[in-house]
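A quick note: this is a predicted structure, and the numbers were derived from the prediction, not measured. As a basis for the values below, the full set of heavy atoms in this structure was taken, side chains included, without hydrogen atoms, waters or symmetry mates.
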Amino acid sequence: MPLLPGAEPFRRDGGRTGVLVCHGFTGSPQSVRPWAEYLADRGLTVSVPLLPGHGTRWQDMQLTTWQDWYAEVDRELRSLSERCERVFVCGLSMGGALALRLAERHGAAISGLALVNPGNKVHDAAAPLLPVLRHVVRTTKGLADDIAKPGSHEIGYARVPLHAAHSLRRFFQLVDAELPRVTQPLLVMTSPQDHVVPPADSERILGRVSSQDVRQVLLERSYHVATLDHDAERICQETYDFIARLAPDVRTGVESEETAPGGGA
């Protein structure tokens, strides 16, 4: 199936610090592209993969599971790790859960996590019925476009396939159980007014990880897709400052063409 306009993956080589950015459930790289471009414009090597079943039509997503989505970001992380000295992972919504799973599995190979409204649980009252309901009802209403900023739009599906929602619920349970294994520096940016993922999910994550270097930022002016909302610029700046604090050569400009992926000596 052809991709929805704007849903294409994004990749740009820069210096020896890599950043993997993960988009959310039923969304696409478009929802995090300004975030990714901001970091790439400052010399970082940035990758935003398109998750399987996303960016085309909801029927394609019906055939995928969390294992497919995780396998894609895992491959991208390994690719960045081969080309970069250090890698950070960013994520929006389910992308935040994918980032946490990567941190749980890869440990010191990840230098830090920057998450925006990370998901931890499917809160719909019908969620416990998904194992059965998904065989009776194919879809429910979509989650896209929870944005306060007028004129801002997220490319996403108008319907949520329930097979995929069931897999997402199982994935959240798996990630939650292993949160104590997350030890990396953690930046969590949370919208108090979020109509898709409640702030309680951020609080749950912050309360269960073992990270010692933790900071939470409240995005008071934005809804769920804060990366396209009023606080988008703040998210970009906070993320860059977080990375630069942990990798000082990013800000000082020590990274150069000679040390960039594919460069000389």
J.: Test side-chain contact (heavy atoms from CB on, under 4.5 Å) on Glu82 and Val87; report intermediate values, then the result.
T.: CA-CA 10 Å; Glu82 290 173 356; Val87 178; over 6 Å; no
J.: If I compare all heavy atoms of Ile205 with all of Gly119, which pair ends up nearest, and what's the gap?
T.: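 Closest heavy-atom pair between Ile205 and Gly119: CD1-O, 4.3 Å.
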J.: Enter the distance from Leu50:CG to Trp69:CH2 here, rounded to the nearest 0.5 Å.
T.: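 The CH2 atom of Trp69 is 13.0 Å from CG of Leu50, to the nearest 0.5 Å.
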J.: Less than 4.5 Å apart, side chain to side chain, heavy atoms only: is that true for Val160 and Trp58?
T.: no
J.: Could you walk me through whether Val48 and Arg33 satisfy the side-chain contact (heavy atoms from CB on, under 4.5 Å) test, starting with their C-alpha distance in whole Å, then the side-chain angles of each, then the deciding distance to 0.1 Å, before giving a yes or no?
T.: CA-CA 8 Å; Val48 188; Arg33 190 176 179 108; over 6 Å; no
J.: Nearest 0.5 angstrom please: Glu178 CD to Glu104 CD, how far?
T.: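 If I round to the nearest 0.5 Å, the distance is 5.0 Å.
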J.: Which is it for Val19 and Val89 under the side-chain contact (heavy atoms from CB on, under 4.5 Å) test, yes or no, and what are the steps along the way?
T.: CA-CA 6 Å; Val19 183; Val89 184; over 6 Å; no
J.: Tell me, with the steps shown, if Asp41 and Arg12 meet side-chain contact (heavy atoms from CB on, under 4.5 Å).
T.: CA-CA 9 Å; Asp41 288 346; Arg12 191 190 302 174; 2.7 Å; yes
J.: Got a second to check how far Cys90's SG is from Leu187's CG, nearest 0.5 Å?
T.: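 Here the interatomic distance stands at 8.5 Å.
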J.: Could you state the interatomic distance from OG (Ser47) to CG (Leu80), rounded to the nearest 0.5 Å?
T.: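 The CG atom of Leu80 is 5.0 Å from OG of Ser47, to the nearest 0.5 Å.
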J.: Evaluate the criterion side chain to side chain donor-acceptor pair (under 3.5 Å) for residue pair Gln216 and Glu203; output intermediate values, then yes/no.
T.: CA-CA 9 Å; Gln216 184 177 27; Glu203 299 303 325; 3.2 Å; yes
J.: With distance as the sole test, does Ser152 use its side chain to make a donor-acceptor pair with the main-chain N or O of Leu228 at under 3.5 Å?
T.: yes
J.: Under 3.5 Å, side chain of Asp194 to main-chain N/O of Tyr223, donor-acceptor pair present?
T.: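 No.
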J.: Could you check Asp74 against Arg105 for salt bridge (charged side-chain N to carboxylate O under 4.0 Å, His left out), going step by step and ending with a plain yes or no?
T.: CA-CA 10 Å; Asp74 187 81; Arg105 305 300 292 180; over 6 Å; no
J.: Run the numbers on Asp231 and Arg234 for salt bridge (charged side-chain N to carboxylate O under 4.0 Å, His left out), then give the verdict.
T.: CA-CA 5 Å; Asp231 290 294; Arg234 184 179 185 190; 5.2 Å; no
J.: Is a side-chain donor or acceptor of Ser210 paired with a backbone partner of Pro180 at a separation under 3.5 angstrom?
T.: yes
J.: Are Asn120 and Val175 close enough that some pair of their side-chain heavy atoms sits under 4.5 Å apart?
T.: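 In short, these two side chains do not touch, never coming nearer than 4.5 Å.
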J.: With a 3.5 Å distance limit and no angle check, can you tell me whether Asp68 reaches the backbone of Thr65 through a side-chain donor-acceptor pair?
T.: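 Checked: pair present.
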J.: Can you find a pair of side-chain heavy atoms, one from Pro192 and one from Glu220, that are under 4.5 Å apart?
T.: yes
J.: Can you check whether Arg11 reaches Pro49 side chain to side chain, under 4.5 Å on heavy atoms?
T.: yes
J.: Can you see which heavy atom on Glu154 is nearest to which on Gly27, and at what distance?
T.: OE2-CA, 4.2 Å
J.: Answer yes or no for Arg42 and Tyr38: cation-pi contact, defined as NZ/CZ to six-membered ring centre under 6.0 Å and angle to ring axis within 45°.
T.: yes
J.: Looking at every non-hydrogen atom in both residues, tell me the closest pair between Ile155 and Ala7 and how far apart they are.
T.: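 Closest approach of Ile155 to Ala7, heavy atoms only: CD1-N, 4.4 Å.
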J.: Can you check whether Ser191's main-chain N or O pairs, donor with acceptor, with Asn117's side chain at less than 3.5 Å?
T.: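 Flag set: sc Asn117 to bb Ser191 pair under 3.5 Å.
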J.: What closest approach, in Å, do Ser211 and Gln184 show between heavy atoms, and which atom pair accounts for it?
T.: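 So the two residues come closest at OG-O, 2.6 Å.
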J.: How long is the span from the CD1 atom in Ile110 to the CG atom in Leu113, to the nearest 0.5 Å?
T.: 6.0 Å
J.: Let me see the working for Trp66 and Phe171 under ring pair (Phe, Tyr, Trp, His ring centres under 6.0 Å), right down to the final yes or no.
T.: CA-CA 6 Å; Trp66 74 261; Phe171 178 59; 5.2 Å; yes
J.: Tell me which one of Arg169, Arg170, Arg204, Arg101 satisfies salt bridge (Lys or Arg N to Asp or Glu O under 4.0 Å) with Asp176.
T.: Arg204
J.: Donor-acceptor check, side chain of Ser79 to backbone of Arg75, threshold 3.5 angstrom: yes or no?
T.: no
J.: When rounded to the nearest 0.5 angstrom, what is the spacing between NE2 in His163 and CD in Gln62?
T.: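 Interatomic distance, His163 NE2 to Gln62 CD, rounded to 0.5 Å: 5.0 Å.
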J.: Mind telling me whether His54 and Phe25 have parallel, tilted or perpendicular rings, with 30° and 60° as the class edges?
T.: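 Taking His54 first and then Phe25, their aromatic rings stand perpendicular (interplane angle over 60°).
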J.: Determine whether a donor-acceptor pair (N or O, by modelled atom type, separation under 3.5 Å) exists between the side chain of Thr45 and the backbone of Gly14.
T.: yes
J.: Please report the closest heavy-atom contact between Asp201 and Pro118, naming both atoms and the distance.
T.: CB-O, 3.5 Å
J.: Exactly one of Thr190, Val116, Thr227, Asp229 should register a side-chain contact (heavy atoms from CB on, under 4.5 Å) with Leu219. Which one does?
T.: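 Going through the options one by one, the only one that passes is Val116.
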J.: Can you name the side chain to side chain donor-acceptor pair (under 3.5 Å) partners of Asp145, sequence neighbours left out?
T.: His153
J.: Do the side chain of Asp146 and the main chain of His224 share a donor and acceptor less than 3.5 angstrom apart?
T.: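 Indeed, once roles are kept as given, a pair shorter than 3.5 Å links the two residues.
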J.: Mind checking whether Cys84 and Thr17 have side chains closer than 4.5 Å, heavy atoms only?
T.: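 No; the side chains remain at least 4.5 Å from each other.
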J.: Does the Glu72 side chain pair with the main chain of Leu51, one donor and one acceptor, at a distance under 3.5 Å?
T.: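 No; judged by distance alone, with no hydrogens or angles, the pair does not exist.
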J.: Report yes or no: does Glu8 contribute a side-chain atom to a donor-acceptor pair with the main-chain N or O of Gly6 at less than 3.5 Å?
T.: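 Here the side-chain-to-backbone pair exists.
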